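Counting starts at 1 for both ligands and their atoms, following the listed order. What you see is a predicted model; the values in this text were computed from it and never measured. All residue numbers refer to positions in the sequence shown, counting from 1.
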Amino acid sequence: MTTPTLITVAPTGAESAKTEVPALPVTLDELLLTAKECEALGAAVIHVHIRDEGSRPTLDPGRLRATVAALRESTDLIVQLSTGGAVTDPEADRLAVLDAGPEMASCTMGTVNFGDGVFLNRWEFIVDLHTRMQERNILPEYEIFDLGQLTALQRLLGKYGLPAGGHVHVDLVMGVPGGMPGTAEALVACRQAIRDLPAGTTFSATGIGRSTIPVMLAALATDGHLRVGMEDTISYAKGRPVESNMQLVARAVGLAHVAQRPPASTGQARELLGLSSRSAA
Ligand code: KMH
Ligand code: ZN
């Protein structure tokens, strides 16, 4: 039986400025519209970064809670909050993201150079995020920017146990300047390392910028799932800015059909991720 394709949309991120990328959803209304349209096209998970009234990245607890509530109210998407935030966000604020009670949250498995910045993820901080998510019944998406971070994940699970519910889900973030390249070869190397994680581990992959297509094709060919969106990709093709997140989701849906692995519904996605038998925190 073929595995359906879990499609995650990451619509906003923390890196692009609204002034430079006007199609970026930055207000709650823009985010909700994007979420509903992407769900209708075939996305099942939304990876959420929010912005303040000046369109700057924020981890404001009130705004995060309101965002989770509004997305739950108007969509059936699995809401995954970013605990990565922006490279400048302090650890305490990143941990406090969990207080908004999402169904999922990201947990990056190591420090990585991130363009001109450093995305700092100390071991103790990772352990804190992992154990707090266990306590609150929040499913982590382990973000992997480099091959060795999969070994760090193996160590984390060996020492501190599986996430609540027992399912492990990984997202390969490829092609970040400072991380692993966004190539089929690098993805296959990660795929091999994922085999050393607990049985049933699922993975998605995203390629930053122009690596989006090779990464998507390689993920589809190796039983992987897809993450797409304007957090990672703002050029649809050379010289063609992305018009909307829907355009990226539609392309991923099309490729998933070509691969004969149609998009997972939100219900199928919850089954795949072991979320269907539990309630959100
Ligand atoms: N914005 C990056 C520094 C995550 O969301 O967890 C981190 C990031 C990863 O986007
Ligand atoms: Zn993110």
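Nearest to atom 6 (O) of ligand 1 among the protein's heavy atoms is Ser106 OG, 2.7 Å. Of the protein's non-hydrogen atoms, Ser82 OG, 3.4 Å is the one closest to atom 4 (C) of ligand 1. The protein atom (non-hydrogen) at minimum distance from atom 10 (O) of ligand 1 is Glu231 OE2, 2.9 Å.
Nearest-heavy-atom check against atom 3 (C) of ligand 1 across Glu15, His49, Gln80, Arg94 picks out Glu15.
Panel note: side chain Arg227, backbone Ile7; no donor-acceptor pair is recorded below 3.5 Å.
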Query raised in the report: Can you list the steps and then say if Thr201 with His169 is a side chain to side chain donor-acceptor pair (under 3.5 Å)?
Result: CA-CA 6 Å; Thr201 295; His169 181 67; over 6 Å; no

Query raised in the report: Taking it one step at a time, do Ser82 and His49 satisfy side chain to side chain donor-acceptor pair (under 3.5 Å)?
Result: CA-CA 6 Å; Ser82 165; His49 291 252; 3.3 Å; yes

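The aromatic rings of Tyr142 and His130 lie tilted to each other, with the angle between the two planes from 30° to 60°. The aromatic rings of Phe119 and Phe145 sit perpendicular, their planes meeting at an angle over 60°, well past the 30° parallel limit.
For His47, the heavy-atom gap to ligand 1 drops under 4.0 angstrom. The closest approach between a heavy atom of Gly85 and any atom of ligand 1 is below 4.0 Å.
When you scan the N, O or S atoms of His47 for the one nearest the Zn ion (ligand 2), you land on NE2.
Within a 6.0 Å radius of CD1 in Ile208, more than 12 heavy atoms belonging to other residues, nucleotides or ligands are found.
When distances to the Zn ion (ligand 2) are checked against a cut-off of 2.8 Å, Glu231 contributes an N, O or S atom below that limit.
Here's the thing with Glu143: none of its N/O atoms is less than 3.5 angstrom from an N/O atom of ligand 1.
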